[in-house]
J.: 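The following block contains the structure, expressed as C-alpha coordinates.
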Amino acid sequence: MSTPQTAVDITPPSPREMMRITLGLTIVCLLASAILGGFYLWTEPAKARNVAAREQKLISQLLDLSPSAEVQEIRRYLLWRGSQLKIFYLTPRQLVQFDASGKLLATTEVPEPVREASAPAEKDTWVEANSGANDEDDFRYVGRFFSGIEANQVAGYVIEGEVPGFKTWIRFFVAINSDYSLRGIEIIEHEEDPGLGDQITEPYFKNQYAGRSFDALLGIEVTKDPLPREWRDAVESLGDETGFSEWIVKYADELPSHPDIHAITGATISSVAVTDGVKRSLGNFRKRMDLVEDYL
Amino acid sequence: MNIVTRTAPPPISTLIMRGLFDENPVFRLALSLCPAVAVTTSVKNGLMLGVAVFVVQVLSSVSAALIKNIIIPKIRIPVFTIIIAIWVSIMDMVLAAFFPAVYGEVGLYVKLIVAFAIIISRMELFSMKHDVVPSFWDGFGMGLGFLVAMLLTGAFRELLGNGSILGFQIVDFKPLLLVILPAGGFFTIGLIMALFNWIDLKRGKEPPGGTGCGGCHG
(Lines give C-alpha, C1' and ligand atoms only; values in the text may rest on other atoms or scores of the structure.)
Protein backbone atom coordinates (compact mmCIF):
# COMPACT_ATOMS: atom_id res chain seq x y z
CA MET A 1 0.00 0.00 0.00
CA SER A 2 1.20 3.61 0.39
CA THR A 3 4.34 4.54 2.27
CA PRO A 4 3.71 6.38 5.57
CA GLN A 5 4.09 10.13 5.30
CA THR A 6 5.06 10.85 8.86
CA ALA A 7 8.27 9.62 10.48
CA VAL A 8 7.77 6.33 12.32
CA ASP A 9 7.64 6.85 16.07
CA ILE A 10 9.21 3.84 17.79
CA THR A 11 8.48 4.75 21.41
CA PRO A 12 5.38 2.88 22.58
CA PRO A 13 2.34 5.07 23.17
CA SER A 14 1.48 6.06 26.72
CA PRO A 15 -1.25 4.09 28.54
CA ARG A 16 -3.55 7.07 28.03
CA GLU A 17 -2.86 7.06 24.30
CA MET A 18 -3.42 3.29 24.15
CA MET A 19 -6.80 3.70 25.85
CA ARG A 20 -7.72 6.41 23.34
CA ILE A 21 -6.82 4.14 20.41
CA THR A 22 -8.66 1.15 21.84
CA LEU A 23 -11.73 3.20 22.64
CA GLY A 24 -11.68 4.93 19.26
CA LEU A 25 -11.49 1.66 17.35
CA THR A 26 -14.20 0.09 19.50
CA ILE A 27 -16.58 2.98 18.86
CA VAL A 28 -15.86 2.93 15.11
CA CYS A 29 -16.50 -0.82 14.93
CA LEU A 30 -19.71 -0.53 16.96
CA LEU A 31 -20.92 2.24 14.66
CA ALA A 32 -20.03 0.20 11.59
CA SER A 33 -21.91 -2.86 12.86
CA ALA A 34 -24.92 -0.71 13.73
CA ILE A 35 -24.99 0.77 10.21
CA LEU A 36 -24.57 -2.60 8.52
CA GLY A 37 -27.10 -4.25 10.84
CA GLY A 38 -29.63 -1.53 10.04
CA PHE A 39 -29.11 -1.93 6.30
CA TYR A 40 -29.39 -5.70 6.64
CA LEU A 41 -32.73 -5.49 8.47
CA TRP A 42 -33.98 -3.00 5.89
CA THR A 43 -32.91 -4.90 2.78
CA GLU A 44 -33.22 -8.55 3.84
CA PRO A 45 -37.01 -9.01 3.33
CA ALA A 46 -36.79 -7.57 -0.19
CA LYS A 47 -33.78 -9.75 -0.96
CA ALA A 48 -35.57 -12.88 0.28
CA ARG A 49 -38.58 -12.00 -1.92
CA ASN A 50 -36.31 -11.53 -4.96
CA VAL A 51 -34.61 -14.84 -4.34
CA ALA A 52 -37.92 -16.69 -3.96
CA ALA A 53 -39.37 -15.02 -7.08
CA ARG A 54 -36.27 -15.91 -9.09
CA GLU A 55 -36.42 -19.53 -7.90
CA GLN A 56 -40.08 -19.82 -8.89
CA LYS A 57 -39.31 -18.41 -12.32
CA LEU A 58 -36.37 -20.76 -12.86
CA ILE A 59 -38.40 -23.78 -11.77
CA SER A 60 -41.21 -22.85 -14.17
CA GLN A 61 -38.72 -22.48 -17.01
CA LEU A 62 -36.88 -25.70 -16.26
CA LEU A 63 -40.10 -27.72 -16.07
CA ASP A 64 -41.91 -25.76 -18.82
CA LEU A 65 -44.80 -25.14 -16.43
CA SER A 66 -47.89 -23.17 -17.41
CA PRO A 67 -48.82 -20.14 -15.27
CA SER A 68 -51.59 -22.15 -13.57
CA ALA A 69 -49.20 -24.89 -12.41
CA GLU A 70 -48.33 -25.30 -8.76
CA VAL A 71 -44.80 -25.63 -7.36
CA GLN A 72 -44.48 -27.55 -4.09
CA GLU A 73 -41.45 -27.35 -1.86
CA ILE A 74 -40.31 -30.45 0.02
CA ARG A 75 -37.74 -29.83 2.76
CA ARG A 76 -35.54 -32.52 4.27
CA TYR A 77 -34.20 -32.63 7.86
CA LEU A 78 -31.94 -34.94 9.85
CA LEU A 79 -32.11 -35.57 13.56
CA TRP A 80 -29.13 -37.23 15.24
CA ARG A 81 -29.53 -38.57 18.75
CA GLY A 82 -26.09 -39.99 19.46
CA SER A 83 -25.61 -42.39 16.56
CA GLN A 84 -29.35 -42.85 16.08
CA LEU A 85 -30.71 -41.09 13.00
CA LYS A 86 -34.19 -39.94 12.06
CA ILE A 87 -35.08 -38.45 8.70
CA PHE A 88 -37.90 -35.95 8.17
CA TYR A 89 -39.57 -34.75 4.99
CA LEU A 90 -41.81 -31.69 5.14
CA THR A 91 -44.29 -31.73 2.27
CA PRO A 92 -46.98 -29.06 1.91
CA ARG A 93 -49.48 -31.43 3.55
CA GLN A 94 -47.58 -33.49 6.10
CA LEU A 95 -44.38 -34.05 8.02
CA VAL A 96 -43.16 -37.59 7.35
CA GLN A 97 -40.67 -39.28 9.66
CA PHE A 98 -38.41 -42.26 8.82
CA ASP A 99 -35.70 -44.11 10.70
CA ALA A 100 -32.26 -44.75 9.17
CA SER A 101 -33.37 -48.01 7.55
CA GLY A 102 -36.23 -46.24 5.79
CA LYS A 103 -39.06 -47.52 7.99
CA LEU A 104 -41.96 -45.08 8.38
CA LEU A 105 -42.18 -43.86 11.98
CA ALA A 106 -44.91 -41.23 11.93
CA THR A 107 -46.73 -38.67 9.87
CA THR A 108 -47.99 -35.34 11.21
CA GLU A 109 -50.52 -33.03 9.57
CA VAL A 110 -49.08 -29.58 8.75
CA PRO A 111 -51.23 -26.75 10.18
CA GLU A 112 -52.45 -23.98 7.86
CA PRO A 113 -50.22 -21.11 9.10
CA VAL A 114 -47.04 -23.20 8.64
CA ARG A 115 -48.14 -24.30 5.16
CA GLU A 116 -48.69 -20.69 4.11
CA ALA A 117 -45.55 -19.33 5.80
CA SER A 118 -43.26 -17.58 3.31
CA ALA A 119 -40.13 -17.57 5.50
CA PRO A 120 -38.30 -20.93 5.51
CA ALA A 121 -37.18 -20.28 9.10
CA GLU A 122 -40.81 -20.46 10.24
CA LYS A 123 -41.22 -23.91 8.71
CA ASP A 124 -37.92 -25.14 10.15
CA THR A 125 -38.89 -24.00 13.65
CA TRP A 126 -42.19 -25.83 13.42
CA VAL A 127 -40.53 -29.03 12.21
CA GLU A 128 -37.95 -28.91 15.00
CA ALA A 129 -40.70 -28.42 17.59
CA ASN A 130 -42.60 -31.42 16.19
CA SER A 131 -39.59 -33.66 15.70
CA GLY A 132 -39.21 -34.56 19.36
CA ALA A 133 -35.67 -33.14 19.32
CA ASN A 134 -34.26 -32.13 22.67
CA ASP A 135 -31.34 -29.80 23.40
CA GLU A 136 -28.61 -32.44 23.07
CA ASP A 137 -29.85 -33.70 19.73
CA ASP A 138 -28.37 -32.47 16.50
CA PHE A 139 -31.30 -31.34 14.36
CA ARG A 140 -30.68 -29.71 11.01
CA TYR A 141 -32.19 -28.78 7.68
CA VAL A 142 -30.23 -30.58 4.97
CA GLY A 143 -31.80 -29.68 1.64
CA ARG A 144 -34.91 -29.45 -0.45
CA PHE A 145 -36.47 -30.21 -3.76
CA PHE A 146 -39.53 -29.00 -5.63
CA SER A 147 -42.21 -30.82 -7.53
CA GLY A 148 -44.08 -29.09 -10.32
CA ILE A 149 -47.75 -30.05 -10.42
CA GLU A 150 -49.58 -29.46 -13.70
CA ALA A 151 -53.29 -30.33 -13.67
CA ASN A 152 -52.88 -32.71 -10.69
CA GLN A 153 -50.04 -34.53 -12.46
CA VAL A 154 -46.38 -34.37 -11.49
CA ALA A 155 -44.68 -32.54 -14.37
CA GLY A 156 -41.20 -33.05 -12.96
CA TYR A 157 -38.91 -32.34 -10.05
CA VAL A 158 -36.29 -29.72 -9.35
CA ILE A 159 -33.56 -30.69 -6.88
CA GLU A 160 -31.48 -28.07 -5.14
CA GLY A 161 -27.86 -29.13 -4.73
CA GLU A 162 -24.61 -27.68 -3.43
CA VAL A 163 -21.03 -28.54 -4.28
CA PRO A 164 -17.70 -26.92 -3.31
CA GLY A 165 -16.42 -24.83 -6.21
CA PHE A 166 -13.10 -23.05 -6.59
CA LYS A 167 -13.59 -20.63 -3.68
CA THR A 168 -16.89 -21.42 -2.02
CA TRP A 169 -20.12 -23.34 -2.61
CA ILE A 170 -21.84 -23.51 -5.96
CA ARG A 171 -25.62 -23.82 -5.50
CA PHE A 172 -27.59 -25.22 -8.41
CA PHE A 173 -30.96 -26.61 -9.53
CA VAL A 174 -31.26 -29.92 -11.34
CA ALA A 175 -34.57 -30.39 -13.16
CA ILE A 176 -35.67 -33.93 -13.98
CA ASN A 177 -38.66 -35.75 -15.43
CA SER A 178 -40.48 -38.35 -13.35
CA ASP A 179 -38.37 -41.08 -15.06
CA TYR A 180 -35.23 -39.39 -13.61
CA SER A 181 -33.98 -38.24 -17.02
CA LEU A 182 -32.43 -34.80 -16.87
CA ARG A 183 -34.23 -31.76 -18.26
CA GLY A 184 -31.59 -29.16 -17.46
CA ILE A 185 -29.59 -27.42 -14.78
CA GLU A 186 -29.39 -23.87 -13.56
CA ILE A 187 -26.68 -22.25 -11.42
CA ILE A 188 -28.33 -20.34 -8.56
CA GLU A 189 -25.43 -18.93 -6.60
CA HIS A 190 -21.65 -19.08 -6.92
CA GLU A 191 -18.51 -17.02 -6.42
CA GLU A 192 -16.32 -18.51 -9.13
CA ASP A 193 -13.78 -16.13 -10.68
CA PRO A 194 -15.19 -13.60 -13.15
CA GLY A 195 -14.10 -14.45 -16.68
CA LEU A 196 -13.10 -18.03 -15.82
CA GLY A 197 -15.18 -20.20 -13.50
CA ASP A 198 -18.18 -17.88 -13.67
CA GLN A 199 -18.77 -19.18 -17.21
CA ILE A 200 -20.62 -22.11 -15.58
CA THR A 201 -23.69 -19.84 -15.77
CA GLU A 202 -23.32 -19.41 -19.55
CA PRO A 203 -25.73 -21.35 -21.79
CA TYR A 204 -22.88 -23.01 -23.69
CA PHE A 205 -21.78 -24.76 -20.49
CA LYS A 206 -24.89 -25.38 -18.38
CA ASN A 207 -27.09 -26.45 -21.31
CA GLN A 208 -24.74 -29.32 -22.13
CA TYR A 209 -26.47 -31.28 -19.35
CA ALA A 210 -29.95 -30.96 -20.85
CA GLY A 211 -31.74 -34.06 -22.05
CA ARG A 212 -29.35 -36.68 -20.62
CA SER A 213 -30.87 -39.95 -19.42
CA PHE A 214 -30.27 -41.02 -15.80
CA ASP A 215 -27.70 -43.65 -16.79
CA ALA A 216 -25.96 -41.42 -19.31
CA LEU A 217 -25.60 -38.70 -16.72
CA LEU A 218 -24.11 -40.94 -14.04
CA GLY A 219 -21.44 -42.02 -16.55
CA ILE A 220 -20.78 -38.53 -17.90
CA GLU A 221 -17.18 -37.24 -18.01
CA VAL A 222 -15.63 -33.80 -18.33
CA THR A 223 -13.45 -33.46 -21.42
CA LYS A 224 -10.88 -30.77 -22.19
CA ASP A 225 -11.61 -31.03 -25.91
CA PRO A 226 -12.99 -27.77 -27.29
CA LEU A 227 -16.74 -27.57 -27.71
CA PRO A 228 -17.50 -28.18 -31.44
CA ARG A 229 -18.95 -25.10 -33.13
CA GLU A 230 -22.24 -26.64 -34.29
CA TRP A 231 -22.84 -28.32 -30.91
CA ARG A 232 -22.17 -25.01 -29.18
CA ASP A 233 -24.76 -23.33 -31.41
CA ALA A 234 -27.17 -26.15 -30.57
CA VAL A 235 -26.82 -25.88 -26.78
CA GLU A 236 -26.91 -22.08 -26.94
CA SER A 237 -30.23 -22.21 -28.78
CA LEU A 238 -31.82 -23.63 -25.64
CA GLY A 239 -33.33 -20.84 -23.63
CA ASP A 240 -35.53 -17.90 -24.44
CA GLU A 241 -36.86 -19.11 -27.80
CA THR A 242 -36.67 -22.88 -27.40
CA GLY A 243 -38.02 -24.33 -24.16
CA PHE A 244 -36.47 -27.36 -22.46
CA SER A 245 -39.11 -29.86 -23.65
CA GLU A 246 -38.89 -28.69 -27.25
CA TRP A 247 -35.07 -28.64 -27.26
CA ILE A 248 -34.75 -32.13 -25.79
CA VAL A 249 -37.02 -33.61 -28.47
CA LYS A 250 -35.23 -31.69 -31.22
CA TYR A 251 -31.72 -32.79 -30.25
CA ALA A 252 -32.49 -36.26 -28.81
CA ASP A 253 -30.72 -37.95 -31.74
CA GLU A 254 -27.60 -35.82 -31.45
CA LEU A 255 -27.05 -36.20 -27.70
CA PRO A 256 -25.39 -39.65 -27.89
CA SER A 257 -22.70 -38.31 -30.25
CA HIS A 258 -21.76 -35.71 -27.61
CA PRO A 259 -21.47 -37.95 -24.53
CA ASP A 260 -19.14 -35.69 -22.51
CA ILE A 261 -19.34 -32.27 -20.89
CA HIS A 262 -16.86 -29.89 -22.56
CA ALA A 263 -14.98 -27.99 -19.83
CA ILE A 264 -14.78 -24.19 -19.83
CA THR A 265 -10.98 -24.08 -19.90
CA GLY A 266 -8.13 -26.56 -19.55
CA ALA A 267 -8.28 -26.00 -15.79
CA THR A 268 -11.45 -27.93 -15.12
CA ILE A 269 -12.11 -27.12 -11.45
CA SER A 270 -15.50 -25.42 -11.83
CA SER A 271 -16.63 -27.68 -14.68
CA VAL A 272 -15.80 -30.85 -12.75
CA ALA A 273 -17.38 -29.47 -9.56
CA VAL A 274 -20.70 -28.82 -11.28
CA THR A 275 -20.66 -32.20 -13.02
CA ASP A 276 -19.91 -34.09 -9.79
CA GLY A 277 -22.54 -32.08 -7.94
CA VAL A 278 -25.23 -32.83 -10.53
CA LYS A 279 -24.35 -36.54 -10.52
CA ARG A 280 -24.43 -36.75 -6.73
CA SER A 281 -27.69 -34.81 -6.40
CA LEU A 282 -29.39 -37.02 -8.94
CA GLY A 283 -28.12 -40.28 -7.43
CA ASN A 284 -29.15 -39.27 -3.91
CA PHE A 285 -32.51 -38.00 -5.10
CA ARG A 286 -33.38 -41.33 -6.72
CA LYS A 287 -32.63 -43.18 -3.47
CA ARG A 288 -34.63 -40.70 -1.42
CA MET A 289 -37.60 -40.84 -3.74
CA ASP A 290 -37.97 -44.55 -2.99
CA LEU A 291 -38.83 -43.46 0.54
CA VAL A 292 -40.83 -40.34 0.10
CA GLU A 293 -42.60 -40.71 -3.25
CA ASP A 294 -45.78 -42.19 -1.79
CA TYR A 295 -46.27 -39.26 0.56
CA LEU A 296 -46.10 -36.44 -2.00
CA MET B 1 0.06 15.71 16.68
CA ASN B 2 -2.55 16.58 14.11
CA ILE B 3 -1.29 15.52 10.68
CA VAL B 4 -4.18 17.23 8.89
CA THR B 5 -2.66 20.04 6.91
CA ARG B 6 -4.71 21.94 4.38
CA THR B 7 -3.33 22.88 1.01
CA ALA B 8 -5.30 24.77 -1.60
CA PRO B 9 -7.19 22.21 -3.72
CA PRO B 10 -6.28 21.95 -7.43
CA PRO B 11 -9.04 22.87 -9.92
CA ILE B 12 -11.59 20.22 -10.85
CA SER B 13 -10.25 19.77 -14.39
CA THR B 14 -6.77 19.05 -13.01
CA LEU B 15 -8.23 16.51 -10.57
CA ILE B 16 -10.05 14.64 -13.31
CA MET B 17 -7.16 14.74 -15.79
CA ARG B 18 -4.85 13.53 -13.03
CA GLY B 19 -7.01 10.45 -12.43
CA LEU B 20 -7.34 9.77 -16.14
CA PHE B 21 -3.74 10.29 -17.25
CA ASP B 22 -1.04 11.78 -15.02
CA GLU B 23 -1.79 9.55 -12.03
CA ASN B 24 -3.95 6.88 -13.63
CA PRO B 25 -4.41 4.25 -10.89
CA VAL B 26 -3.51 1.30 -13.12
CA PHE B 27 -1.15 2.69 -15.77
CA ARG B 28 0.70 5.22 -13.60
CA LEU B 29 0.37 4.22 -9.94
CA ALA B 30 0.29 0.49 -10.81
CA LEU B 31 -2.16 -0.13 -7.96
CA SER B 32 -4.87 -2.80 -7.68
CA LEU B 33 -3.26 -4.75 -10.52
CA CYS B 34 -4.17 -8.17 -9.16
CA PRO B 35 -7.98 -7.86 -9.28
CA ALA B 36 -7.69 -5.73 -12.42
CA VAL B 37 -5.75 -8.43 -14.26
CA ALA B 38 -8.05 -11.19 -13.01
CA VAL B 39 -11.23 -9.51 -14.23
CA THR B 40 -10.37 -7.71 -17.50
CA THR B 41 -10.77 -10.70 -19.80
CA SER B 42 -13.57 -8.87 -21.64
CA VAL B 43 -14.89 -5.34 -22.06
CA LYS B 44 -18.07 -6.21 -20.18
CA ASN B 45 -16.22 -7.59 -17.15
CA GLY B 46 -13.92 -4.55 -17.14
CA LEU B 47 -16.87 -2.18 -17.35
CA MET B 48 -18.71 -3.84 -14.44
CA LEU B 49 -15.69 -3.78 -12.14
CA GLY B 50 -14.83 -0.23 -13.27
CA VAL B 51 -18.29 1.11 -12.47
CA ALA B 52 -18.37 -0.63 -9.09
CA VAL B 53 -14.94 0.76 -8.13
CA PHE B 54 -15.91 4.23 -9.39
CA VAL B 55 -18.95 4.40 -7.10
CA VAL B 56 -17.13 3.06 -4.03
CA GLN B 57 -14.15 5.37 -4.68
CA VAL B 58 -16.32 8.51 -4.79
CA LEU B 59 -18.31 7.50 -1.68
CA SER B 60 -15.20 6.54 0.28
CA SER B 61 -13.24 9.68 -0.64
CA VAL B 62 -16.15 11.88 0.43
CA SER B 63 -16.62 9.93 3.69
CA ALA B 64 -12.93 10.24 4.56
CA ALA B 65 -13.02 14.00 3.94
CA LEU B 66 -16.11 14.30 6.14
CA ILE B 67 -14.64 12.52 9.15
CA LYS B 68 -10.98 13.54 8.87
CA ASN B 69 -11.22 16.05 11.71
CA ILE B 70 -12.87 13.77 14.25
CA ILE B 71 -10.85 10.55 13.93
CA ILE B 72 -7.71 9.89 15.95
CA PRO B 73 -4.88 10.12 13.37
CA LYS B 74 -3.24 6.91 14.60
CA ILE B 75 -6.25 4.78 13.74
CA ARG B 76 -7.12 6.44 10.42
CA ILE B 77 -6.00 3.48 8.27
CA PRO B 78 -8.22 0.87 10.00
CA VAL B 79 -11.05 3.41 9.93
CA PHE B 80 -10.58 3.88 6.16
CA THR B 81 -10.69 0.13 5.70
CA ILE B 82 -13.92 -0.04 7.69
CA ILE B 83 -15.42 2.81 5.64
CA ILE B 84 -14.67 0.97 2.39
CA ALA B 85 -16.09 -2.25 3.82
CA ILE B 86 -19.26 -0.42 4.89
CA TRP B 87 -19.83 1.11 1.44
CA VAL B 88 -19.12 -2.17 -0.32
CA SER B 89 -21.49 -4.08 1.96
CA ILE B 90 -24.22 -1.44 1.65
CA MET B 91 -23.91 -1.49 -2.14
CA ASP B 92 -24.06 -5.27 -2.10
CA MET B 93 -27.18 -5.35 0.10
CA VAL B 94 -29.06 -2.53 -1.62
CA LEU B 95 -28.40 -3.92 -5.11
CA ALA B 96 -29.45 -7.42 -4.03
CA ALA B 97 -32.66 -6.12 -2.47
CA PHE B 98 -33.87 -3.47 -4.91
CA PHE B 99 -32.02 -4.04 -8.19
CA PRO B 100 -31.88 -7.84 -8.51
CA ALA B 101 -31.25 -7.69 -12.28
CA VAL B 102 -28.25 -5.38 -11.86
CA TYR B 103 -27.05 -7.43 -8.91
CA GLY B 104 -27.02 -10.58 -11.02
CA GLU B 105 -24.50 -8.85 -13.30
CA VAL B 106 -22.28 -6.91 -10.86
CA GLY B 107 -22.71 -8.82 -7.59
CA LEU B 108 -19.47 -10.74 -8.02
CA TYR B 109 -17.44 -7.62 -8.77
CA VAL B 110 -18.76 -5.58 -5.85
CA LYS B 111 -17.41 -8.13 -3.39
CA LEU B 112 -13.92 -7.87 -4.92
CA ILE B 113 -13.56 -4.16 -4.14
CA VAL B 114 -12.77 -4.45 -0.43
CA ALA B 115 -9.23 -5.46 -1.41
CA PHE B 116 -8.53 -2.40 -3.58
CA ALA B 117 -5.40 -0.44 -2.64
CA ILE B 118 -6.26 2.50 -4.88
CA ILE B 119 -9.31 3.49 -2.84
CA ILE B 120 -7.57 3.58 0.52
CA SER B 121 -4.56 5.36 -0.96
CA ARG B 122 -6.73 8.21 -2.31
CA MET B 123 -8.39 8.54 1.10
CA GLU B 124 -4.99 8.76 2.78
CA LEU B 125 -3.21 10.93 0.19
CA PHE B 126 -5.98 13.32 -0.79
CA SER B 127 -9.15 13.26 1.31
CA MET B 128 -7.18 13.59 4.57
CA LYS B 129 -5.82 16.95 3.37
CA HIS B 130 -8.77 18.43 1.50
CA ASP B 131 -12.42 19.33 1.94
CA VAL B 132 -15.42 17.36 0.81
CA VAL B 133 -15.89 18.96 -2.63
CA PRO B 134 -12.32 18.55 -3.92
CA SER B 135 -12.30 15.04 -2.41
CA PHE B 136 -15.41 14.23 -4.39
CA TRP B 137 -13.73 15.32 -7.64
CA ASP B 138 -10.53 13.50 -6.75
CA GLY B 139 -12.51 10.30 -6.17
CA PHE B 140 -14.45 11.03 -9.37
CA GLY B 141 -11.26 11.44 -11.40
CA MET B 142 -9.49 8.44 -9.91
CA GLY B 143 -12.58 6.23 -10.24
CA LEU B 144 -12.99 7.36 -13.84
CA GLY B 145 -9.31 6.71 -14.49
CA PHE B 146 -9.71 3.18 -13.17
CA LEU B 147 -12.87 2.65 -15.22
CA VAL B 148 -11.12 3.80 -18.42
CA ALA B 149 -8.13 1.60 -17.62
CA MET B 150 -10.42 -1.41 -17.18
CA LEU B 151 -12.17 -0.67 -20.49
CA LEU B 152 -8.87 -0.28 -22.39
CA THR B 153 -7.38 -3.43 -20.91
CA GLY B 154 -10.62 -5.37 -21.39
CA ALA B 155 -11.00 -4.25 -25.00
CA PHE B 156 -7.40 -5.14 -25.87
CA ARG B 157 -7.61 -8.56 -24.24
CA GLU B 158 -11.06 -9.46 -25.55
CA LEU B 159 -10.18 -8.41 -29.11
CA LEU B 160 -6.87 -10.24 -29.26
CA GLY B 161 -7.73 -13.16 -27.01
CA ASN B 162 -11.26 -13.91 -28.14
CA GLY B 163 -11.65 -12.03 -31.42
CA SER B 164 -14.66 -10.11 -30.14
CA ILE B 165 -15.64 -6.78 -28.61
CA LEU B 166 -18.49 -6.61 -26.06
CA GLY B 167 -19.39 -10.16 -27.04
CA PHE B 168 -19.77 -9.35 -30.77
CA GLN B 169 -17.49 -11.54 -32.84
CA ILE B 170 -15.17 -9.33 -34.93
CA VAL B 171 -12.96 -12.04 -36.39
CA ASP B 172 -13.81 -15.73 -36.36
CA PHE B 173 -10.64 -16.89 -34.62
CA LYS B 174 -8.58 -16.12 -31.53
CA PRO B 175 -5.66 -13.95 -32.73
CA LEU B 176 -3.54 -14.23 -29.59
CA LEU B 177 -5.05 -16.43 -26.90
CA LEU B 178 -2.16 -15.61 -24.54
CA VAL B 179 -3.45 -12.12 -23.69
CA ILE B 180 -6.63 -13.48 -22.13
CA LEU B 181 -4.65 -15.61 -19.68
CA PRO B 182 -3.45 -14.04 -16.40
CA ALA B 183 0.10 -13.49 -17.69
CA GLY B 184 -1.35 -11.76 -20.74
CA GLY B 185 -3.10 -9.33 -18.40
CA PHE B 186 0.26 -8.10 -17.17
CA PHE B 187 1.62 -7.91 -20.73
CA THR B 188 -1.39 -5.84 -21.73
CA ILE B 189 -1.05 -3.43 -18.82
CA GLY B 190 2.69 -3.13 -19.50
CA LEU B 191 2.04 -2.33 -23.17
CA ILE B 192 -0.56 0.33 -22.35
CA MET B 193 1.80 1.79 -19.73
CA ALA B 194 4.46 2.06 -22.44
CA LEU B 195 1.91 3.78 -24.68
CA PHE B 196 1.19 6.29 -21.90
CA ASN B 197 4.93 7.00 -21.54
CA TRP B 198 5.30 7.39 -25.30
CA ILE B 199 2.44 9.92 -25.38
CA ASP B 200 4.08 11.80 -22.51
CA LEU B 201 7.38 11.93 -24.39
CA LYS B 202 5.61 13.23 -27.50
CA ARG B 203 3.97 15.89 -25.35
CA GLY B 204 7.48 16.87 -24.25
CA LYS B 205 7.00 15.64 -20.69
CA GLU B 206 9.41 13.57 -18.71
CA PRO B 207 7.89 10.12 -18.05
CA PRO B 208 7.60 9.20 -14.37
CA GLY B 209 10.70 7.83 -12.65
CA GLY B 210 11.40 4.20 -11.97
CA THR B 211 9.67 4.14 -8.58
CA GLY B 212 6.44 2.76 -10.00
CA CYS B 213 4.60 5.03 -7.62
CA GLY B 214 4.18 8.40 -9.27
CA GLY B 215 1.49 9.48 -6.84
CA CYS B 216 3.28 8.76 -3.58
CA HIS B 217 4.68 12.27 -3.27
CA GLY B 218 1.41 13.96 -4.14
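Naming convention: chains lettered A, B, ... in sequence-line order (proteins, then strands); numbering from 1 in each chain.
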J.: Would you check if A:Trp42 and B:Val94 make a side-chain contact, meaning some heavy-atom pair closer than 4.5 Å?
T.: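 Side chain of A:Trp42 against side chain of B:Val94, heavy atoms only: contact under 4.5 Å found.
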J.: Within a radius of less than 6.0 Å around OH of A:Tyr204, do more than 12 heavy atoms belonging to other residues, nucleotides or ligands occur?
T.: yes
J.: Identify the two heavy atoms, one from B:Val79 and one from A:Val28, that lie closest to each other, and give their separation to 0.1 Å.
T.: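 Scanning both residues completely, I find the closest heavy atoms to be CG2-CG2, 3.9 Å.
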J.: Please check: side-chain N/O of A:Asn50 versus main-chain N/O of B:Pro100, any donor-acceptor pairing under 3.5 Å?
T.: no
J.: Taking all atoms of both residues into account, what is the closest heavy-atom pair of B:Ile82 and A:Ala32, and its distance?
T.: CG2-CB, 3.5 Å
J.: Does any part of the side chain of A:Lys47, heavy atoms only, come nearer than 4.5 Å to the side chain of B:Met93, both counted from C-beta?
T.: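 Contact flag for B:Met93/A:Lys47 side chains = no.
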J.: With a 4.5 angstrom heavy-atom cut-off, which part of B:Lys44 approaches chain A: side chain, backbone, both or neither?
T.: neither
J.: OG1 of B:Thr41 to CD of A:Gln199: how many Å apart, nearest 0.5 Å?
T.: 7.5 Å
J.: Within the supplied structure, the quantity of interest is the number of heavy atoms (other residues, nucleotides, ligands) at a distance under 6.0 Å from A:Tyr141 OH; does it exceed 12?
T.: yes
J.: How about A:Met19: does its CE atom have over 12 heavy atoms from other parts shown lying under 6.0 Å from it?
T.: no
J.: Answer yes or no: does atom CZ of B:Phe99 have more than 12 heavy-atom neighbours from other residues, nucleotides or ligands under 6.0 Å?
T.: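 Atom CZ in B:Phe99 is not crowded, with 12 or fewer foreign heavy atoms closer than 6.0 Å.
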J.: May I ask you to test the B:Lys74-A:Arg20 pair for a side-chain heavy-atom distance under 4.5 Å?
T.: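 No, too far: nothing below the 4.5 Å cut-off.
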J.: A side-chain contact here means heavy atoms from C-beta on lying under 4.5 Å apart; do A:Ile35 and B:Ile90 qualify?
T.: yes
